[in-house]
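Along the sequence shown, residues are numbered consecutively beginning with 1. Just so you know, ligand 1 is whichever comes first in the structure, and atom 1 is the first atom listed for that ligand.
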Amino acid sequence: MENKNNIYPIFDRMLTKQDKEELLGQRSVMIWFTGLSGSGKSTIAIALERELHKRGLLCRILDGDNIRSGINNNLGFSEADRIENIRRIAEVSKLFIDSGIITIAAFISPNNDVREMAANIIGHEQFLEVYVSTPLEECEKRDVKGLYAKARKGEIKDFTGVSAPFEAPQHPALALDTSMLTVEQSVNKLLEMILPKVQM
Ligand code: ADP
């Protein structure tokens with residue numbers, strides 16, 4: 001039996017991702033950086049965001065600083081917590097993506113399984129995996145945060161690249177070795193890939 005209270009007219013529905021994209025005049029994608037600590041993920045993410053912003057494109061960066069200190073401040077570095085860390089990052093990213101925003105995540109995300117989980121949550125068709133493939137020796141030489149030195153001394157256990165494995169992505173949308181590319185060159189390669197996908 002039809003009950004008119006159960007009929008929801010179209011204007012009662014939540015606006016869609018497409019509505020948001022129309023409003024912003026852009027299409028959203030997920031740029032998922034993966035790579036060793038110190039490989040250049042955050043540096044490139046920040047430079048990329050500036051270039052996209054200059055072109056009138058709205059972006060959101062998610063990185064260790066705004067995630068580990070906030071939504072994930074109850075998580076540690078156990079295997080289960082590392083997976084939960086990435087799961088939440090992917091779920092939060094999806095909210096931004098669904099709001100039409102170009103979302104950029106910069107996390108080590110060291111194995112195929114966690115990256116696959118993130119892609120499944122976000123949707124493979126809008127998930128662009130960018131492998132910052134800077135060799136370990138170069139990352140360790142930079143040692144921006146002094147973490148490699150600590151890991152070598154055994155002060156940090158399960159440190160990716162030193163005492164925990166990093167699985168290179170098999171089919172990244174793009175690979176950037178920052179021992180060979182300047183930040184500007186990396187950003188230009190990214191823009192070439194991203195602009196056709198996001199501009200309306
Ligand atoms: P991650 O986010 O991967 O841990 P960061 O971006 O925090 O890495 O650190 C990378 C470091 O390497 C920064 O200090 C950056 O200035 C330096 N660096 C040197 N050359 C490059 C390059 N060509 N591309 C990116 N980063 C570079």
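Residues Gln26 and Lys20 bring no donor and acceptor atom of their side chains to less than 3.5 Å of each other. The closest side-chain donor-acceptor pair between Asn111 and Glu167, if any, does not fall under 3.5 angstrom. Counting only N and O atoms by type, the side chains of Glu138 and Thr178 include no donor and acceptor under 3.5 Å apart.
Taking a 4.0 Å cut-off on heavy atoms, Val132 fails to register as neighbouring ligand 1. Proximity of Gly38 to ligand 1 is established by a heavy-atom distance of less than 4.0 Å.
Counting heavy atoms closer than 4.0 Å to ligand 1, residue Ile108 contributes nothing at all. Of the heavy atoms in Val144, only side-chain atoms (C-beta onward) come closer than 4.0 Å to ligand 1.
If you chain together hydrophobic residues whose side chains sit under 4.5 Å apart, Leu181 and Tyr131 never meet in one group. Side-chain heavy atoms closer than 4.5 Å link hydrophobic residues (I, L, V, M, F, W, Y) into clusters, and following such links, possibly through other members, connects Ile89 to Met30.
The Ser37 neighbourhood of ligand 1 comprises atoms 4 (O), with distances under 4.0 Å to a heavy atom of that residue. Proximity to Val183 (heavy-atom distance under 4.0 Å) selects the following atoms of ligand 1: 22 (C), 23 (N), 24 (N), 25 (C). Close approach to Thr182 involves these atoms of ligand 1, each under 4.0 Å from a residue heavy atom: 23 (N).
Scanning the protein for heavy atoms near atom 23 (N) of ligand 1, the closest one is Leu181 O, 2.7 Å. Counting only heavy atoms of the protein, atom 21 (C) of ligand 1 lies nearest to Arg142 NH2, 3.6 Å.
Considering backbone and side-chain N/O atoms, Lys41 comes within less than 3.5 Å of an N/O atom of ligand 1. Remark: ligand 1 and Gly40 share an N or O pair separated by less than 3.5 Å (distance only, no angle test).
With ring centers used as reference points, Phe159 lies 6.0 Å or more from Phe77.
The aromatic rings of Trp32 and Phe107 are tilted relative to each other, their planes meeting at an angle between 30° and 60°.
Both the sub-6.0 Å distance and the 45° axial angle are not jointly satisfied by Arg115 relative to the ring of Phe33.
Here atom 5 (P) of ligand 1 lies nearest to Thr43 when heavy atoms of Leu36, Thr43, Thr178 are compared. Taking each of Ser42, Ser39, Gly35 in turn, the one with a heavy atom nearest to atom 2 (O) of ligand 1 proves to be Ser42.
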Indicate every side-chain donor-acceptor pair of residues 53-66 with a distance under 3.5 Å to a residue at least two apart or in another chain.
from, atom 1, to, atom 2, distance (Å)
Lys54, NZ, Glu51, OE1, 3.4
Lys54, NZ, Glu51, OE2, 2.9
Arg55, NH1, Glu51, O, 2.9
Arg55, NH1, Glu51, OE1, 3.0
Asp63, OD1, Asp65, N, 3.0
Asp63, OD1, Asn66, N, 3.2
Asn66, OD1, Asp63, N, 3.0
Asn66, ND2, Ile61, O, 3.1

